[in-house]
Trainee: 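One structure, as structure tokens, below. Some questions next.
Position 1 is the first residue of the sequence, and the numbers go up from there. These figures come from a predicted structure and were not determined experimentally.
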Amino acid sequence: ENVTIFGESAGSLSMSLLQASPLAAGLFHRVIGQSGGAFQPMWFRDQETTYSGSAEALGVEFGQALAGAGDASLAAQRAVSQTQVLEVFTANPSFANYDSLAIVDGDVIPDEVAVIFAEGRQADVPVLVGSNANEGTTFLPFFTPLFGEGIAGFRAYAAATLPEVKDQIEQYYSSDSDAQAETAWADMFGDVVFAYPMRTWARSMENVRSEAYLYWFTWAPPVENSEQYGAFHAGEIGYIFGGVERCGAKPVTADVELADLMASIWAQFARTGNPNGPGLPQWPEYSADTEAYMELGVETGSKAELRIGKMDLVQAAWQQRRSAAVSVDGGQ
């Protein structure tokens with residue numbers, strides 16, 4: 001009768017899907033999402049959009065490529081080796097471009113998660129959601145083989161990621177040197193994939209009665225090359241569970257104190273649906289009017305307007321993308 005579900009990264013994205021799915025309604029009473037939410041423009045099982053074909057059509061195409069001139073039945077495809085699956089997948093750019101996140105299937109997920117939340121159809125339960133200040137630092141090595149390095153690499157990535165606002169990107173993510181471009185790359189990736197979806201999640205809770213609490217984790221775990229990685233993706237997990245030694249970190253007293261605080265906040269929210277309590281920092285609920293959030297880490301305390309210009313940039317791009325998709329669907 002008092003169930004809190006929570007997850008991090010893909011686990012957090014799954015929490016947003018569960019809150020959006022009518023099939024999960026009534027099974028939980030609070031949600032915590034850490035660095036991940038399915039608020040991006042989504043692929044549809046049976047609809048083509050301006051930014052993607054239908055997931056079903058691409059699945060059929062992949063199945064045919066996998067079978068070649070042979071048996072295309074599901075049983076035959078399930079028997080195909082891992083090596084062959086990867087070879088077929090990487091041989092065709094259209095397969096590599098497939099968004100492997102959840103799709104709108106019309107049953108488990110009846111509409112885009114962002115639309116469900118915007119219309120107030122999500123589970124009406126309190127949420128505590130947020131992300132980390134340096135989410136992108138550990139991901140850059142995966143992108144440079146695809147886009148190149150330095151200034152050219154970042155600008156290619158930026159144009160591919162937010163093409164709708166590509167002329168405005170330099171205003172918010174300067175890349176006049178390779179070092180500056182690397183920082184901009186990590187920041188932009190973190191904003192698009194993590195910070196903006198979490199703000200959208202919190203903001204969309206204004207469409208129901210339950211409160212939302214938004215956080216920003218700024219503490220750099222004392223791992224090797226800590227100055228390079230900062231408050232990296234998943235860096236907060238050890239502080240919530242008390243395992244501050246994870247990833248080879250060498251914690252000091254301040255790490256243990258922060259871990260005690262965060263574990264207490266998470267537990268307080270799980271008990272009551274509110275992160276505020278005796279001995280805990282005063283955490284105002286989020287609203288679009290105040291843009292209030294809680295910094296957890298370097299300067300723990302209530303703040304406002306987190307990366308506001310950059311959030312607005314992502315919002316503008318995604319709104320244009322969805323508008324174009326609606327035009328395509330209407331034309332069909």
Side-chain angles (χ1 to χ4, degrees), residues 1-8 11-13 15-20 24-26 28-39 113-133 191 194-219 231 236 239-240 258 260-312 314-315:
E1 306 242 345
N2 188 11
V3 175
T4 296
I5 57 173
F6 75 115
E8 187 271 342
S12 180
L13 186 139
M15 297 305 101
S16 67
L17 293 164
L18 285 169
Q19 193 174 358
F28 52 86
H29 309 88
R30 334 198 184 288
V31 179
I32 301 174
Q34 301 167 210
S35 303
F39 294 90
V113 169
V115 172
I116 291 171
F117 273 71
E119 295 178 352
R121 291 188 280 144
Q122 71 270 37
D124 189 357
V125 299
V127 303
L128 187 157
V129 297
S131 56
N132 299 354
D191 289 339
F194 302 109
Y196 180 72
M198 306 318 280
R199 191 193 76 161
T200 301
W201 194 339
R203 181 173 286 191
S204 298
M205 291 300 293
E206 295 193 314
N207 302 314
V208 293
R209 290 186 295 179
S210 297
E211 296 82 12
Y213 299 91
L214 181 67
Y215 75 83
W216 182 242
F217 180 78
T218 60
W219 192 262
E236 85 287 2
Y239 292 82
I240 291 164
L258 179 60
D260 287 345
L261 174 65
M262 292 185 64
S264 297
I265 290 172
W266 261 237
Q268 175 71 6
F269 180 79
R271 277 193 296 267
T272 68
N274 189 313
N276 293 290
L280 300 177
Q282 185 61 35
W283 189 337
E285 65 183 81
Y286 175 88
S287 77
D289 291 335
T290 65
E291 288 282 351
Y293 70 94
M294 175 65 69
E295 179 177 340
L296 295 169
V298 178
E299 297 179 355
T300 295
S302 176
K303 309 287 173 65
E305 298 190 343
L306 175 64
R307 301 174 75 77
I308 199 73
K310 294 173 180 178
M311 297 298 96
D312 290 346
V314 181
Q315 178 174 300

Trainee: Contact between Arg203 and Gln315 at the side-chain level, heavy atoms closer than 4.5 Å - yes or no?
Mentor: yes
Trainee: Looking at Glu236 and Phe217, would you say the former's side chain and the latter's main chain have a donor-acceptor pair under 3.5 Å?
Mentor: no
Trainee: After noting the C-alpha distance and the side-chain angles of Trp266 and Gln34, does the key distance pass the side chain to side chain donor-acceptor pair (under 3.5 Å) rule?
Mentor: CA-CA 11 Å; Trp266 261 237; Gln34 301 167 210; 2.9 Å; yes
Trainee: Please test Val31 against Thr4 for side-chain contact (heavy atoms from CB on, under 4.5 Å), starting from the C-alpha separation and ending with a verdict.
Mentor: CA-CA 6 Å; Val31 179; Thr4 296; over 6 Å; no
Trainee: Report yes or no: does Gln19 contribute a side-chain atom to a donor-acceptor pair with the main-chain N or O of Ala123 at less than 3.5 Å?
Mentor: yes
Trainee: Is Arg30 reaching over with its side chain to a backbone N or O of Pro126, donor-acceptor style, under 3.5 angstrom?
Mentor: no
Trainee: Where do Arg121 and Val115 land on the side-chain contact (heavy atoms from CB on, under 4.5 Å) test, with the steps shown first?
Mentor: CA-CA 9 Å; Arg121 291 188 280 144; Val115 172; 3.9 Å; yes
Trainee: Give the minimum heavy-atom separation between Tyr213 and Gly273, together with the two atoms involved.
Mentor: CE1-O, 3.9 Å
Trainee: Any side-chain heavy-atom pair from Met198 and Ser12 closer than 4.5 angstrom?
Mentor: yes
Trainee: What heavy-atom pair brings Gly120 and Val208 nearest, and what distance separates the two atoms?
Mentor: O-CG1, 3.7 Å
Trainee: Verify whether one side chain among Asn274 and Glu211 offers a donor that lies under 3.5 Å from an acceptor in the other.
Mentor: no
Trainee: Report yes if some heavy atom in the side chain of Leu296 is under 4.5 Å from a heavy atom in the side chain of Thr218; otherwise report no.
Mentor: no
Trainee: Does a side-chain heavy-atom distance below 4.5 Å link Pro275 with Leu280?
Mentor: no
Trainee: When you measure from the side chain of Ser204 to the backbone N and O of Trp201, does any donor-acceptor pair fall under 3.5 Å?
Mentor: no
Trainee: Please step through side-chain contact (heavy atoms from CB on, under 4.5 Å) for the pair Leu128 and Tyr215, ending with a clear verdict.
Mentor: CA-CA 8 Å; Leu128 187 157; Tyr215 75 83; 3.7 Å; yes
Trainee: Would you name the heavy atoms of Phe39 and Ser16 that are closest together and state the gap between them?
Mentor: CE1-CB, 4.0 Å
Trainee: Spell out, as yes or no, whether a donor-acceptor pair under 3.5 Å connects the side chain of Asn2 to the backbone of Arg271.
Mentor: yes
Trainee: I'd like to check the side-chain hydrogen bond (donor to acceptor under 3.5 Å, both in side chains) partners of Tyr239; sequence neighbours left out, ordered by chain and number.
Mentor: Trp219, Asp255
Trainee: Which pair of non-hydrogen atoms, one from Leu214 and one from Ala292, has the smallest distance, and what is that distance?
Mentor: CB-O, 4.2 Å
Trainee: If every non-hydrogen atom of Ala118 is compared with every non-hydrogen atom of Asn207, which pair is closest and at what distance?
Mentor: O-ND2, 3.2 Å
Trainee: So do the side chains of Trp283 and Ile265 get within less than 4.5 Å of each other, counting heavy atoms only?
Mentor: yes
Trainee: Any heavy-atom pair between the side chains of Arg199 and Leu306 that's under 4.5 Å?
Mentor: no
Trainee: Would the distance check show the side chain of Ser210 and the main-chain N or O of Asp124 forming a donor-acceptor pair, the cut-off being under 3.5 Å?
Mentor: yes
Trainee: Decide side-chain contact (heavy atoms from CB on, under 4.5 Å) for Phe28 and Val125; before the verdict, give the C-alpha distance in whole Å, the side-chain angles of both, and the deciding distance to 0.1 Å.
Mentor: CA-CA 8 Å; Phe28 52 86; Val125 299; 3.9 Å; yes
Trainee: Heavy-atom distance under 4.5 Å between the side chains of Glu305 and Met311, does that happen here?
Mentor: no
Trainee: Are the side chains of Asn276 and Gln282 in touch, meaning some heavy atoms are under 4.5 Å apart?
Mentor: yes
Trainee: Taking all non-hydrogen atoms of both residues, which atom of Ala202 and which atom of Ala212 are closest, and how far apart?
Mentor: O-CB, 3.6 Å
Trainee: Please confirm whether the backbone N or O of Trp216 pairs with a side-chain atom of Glu295, one donor and one acceptor, at under 3.5 Å?
Mentor: no
